[in-house]
Amino acid sequence: MARKLSHKARRRLSLLILLVGLPGYIVVAITLVGLIERPSILVELAIYVGLGLVWALPFRRIFLGVGKADPDERDDG
């Protein structure tokens, strides 16, 4: 059974993914597309959109709600 991450842990993990994982993924995607002969602009756009979705889908649960206030934190004021 998967352990539920706290809001603070999800925020930190999402920041790490955006600062380290996304630039690395961009480099890998550009390198992979550079290995094939230059396709038409629409095909290249479709490749990049597809690769973007492949990157984002596994992390959607981590990014869910990280921009909102911590639901576990109480507002006593």
Side-chain angles (χ1 to χ4, degrees):
M1 176 177 274
R3 200 180 99 204
K4 186 175 180 180
L5 291 174
S6 69
H7 185 73
K8 185 181 261 188
R10 284 194 352 230
R11 287 184 74 155
R12 289 179 180 162
L13 186 57
S14 65
L15 185 62
L16 179 72
I17 290 169
L18 288 175
L19 292 177
V20 177
L22 184 58
Y25 189 78
I26 290 170
V27 169
V28 169
I30 290 172
T31 303
L32 290 176
V33 172
L35 292 176
I36 60 174
E37 190 175 324
R38 177 98 186 194
S40 71
I41 191 72
L42 292 177
V43 172
E44 190 172 356
L45 177 65
I47 290 170
Y48 283 124
V49 168
L51 288 173
L53 288 173
V54 167
W55 176 85
L57 288 177
F59 300 120
R60 67 180 181 261
R61 301 288 271 165
I62 293 171
F63 290 114
L64 187 65
V66 294
K68 298 179 183 177
D70 189 352
D72 298 329
E73 187 176 296
R74 288 212 229 166
D75 188 20
D76 293 336

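In this text the structure is predicted, and so the values were computed from the model without any measurement.
- Under the 4.5 Å side-chain contact rule for hydrophobic residues, Val43 and Val54 share a cluster.
- The heavy-atom pair separating Pro39 from Ile47 by the smallest distance is CG-CD1, 4.5 Å.
- Partners of Ala9 by side chain to side chain contact (heavy atoms under 4.5 Å, CB included), not counting sequence neighbours, listed by chain and number: Leu5, Ser6.
- The cluster map of Ile, Leu, Val, Met, Phe, Trp and Tyr, joined by side-chain heavy atoms under 4.5 Å apart, puts Val49 and Leu32 in different clusters.
- The CZ atom of Arg11 sits 9.5 Å away from the NZ atom of Lys8 when rounded to the nearest 0.5 Å.
- Under a hydrophobic-cluster definition in which Ile, Leu, Val, Met, Phe, Trp and Tyr are linked whenever side-chain heavy atoms come within less than 4.5 Å, directly or via other members, Trp55 and Ile26 are assigned to the same cluster.
- Atom-to-atom distance recorded for Arg60:CZ and Leu53:CG is 11.0 Å, nearest 0.5 angstrom.
- Taking the ring-ring contact (aromatic ring centres under 6.0 Å, His included) definition, one finds that Phe63 meets it with nothing, sequence neighbours left out.
- Residue Ile17 holds its CD1 atom at 4.0 Å from CG of Leu13, rounded to the nearest 0.5 Å.
- Shown here for Tyr25 and Leu51, the closest heavy-atom pair between the two residues is OH-O, 2.7 Å.
- Interatomic distance, Arg10 CZ to Lys4 NZ, rounded to the nearest 0.5 Å: 7.0 Å.
- If you chain together ILVMFWY residues whose side-chain heavy atoms come under 4.5 Å of each other, Leu57 ends up in a group of its own.
- Tracing side-chain contacts under 4.5 Å through hydrophobic residues (I, L, V, M, F, W, Y), one never reaches Val28 starting from Phe59; they form parts of separate clusters.
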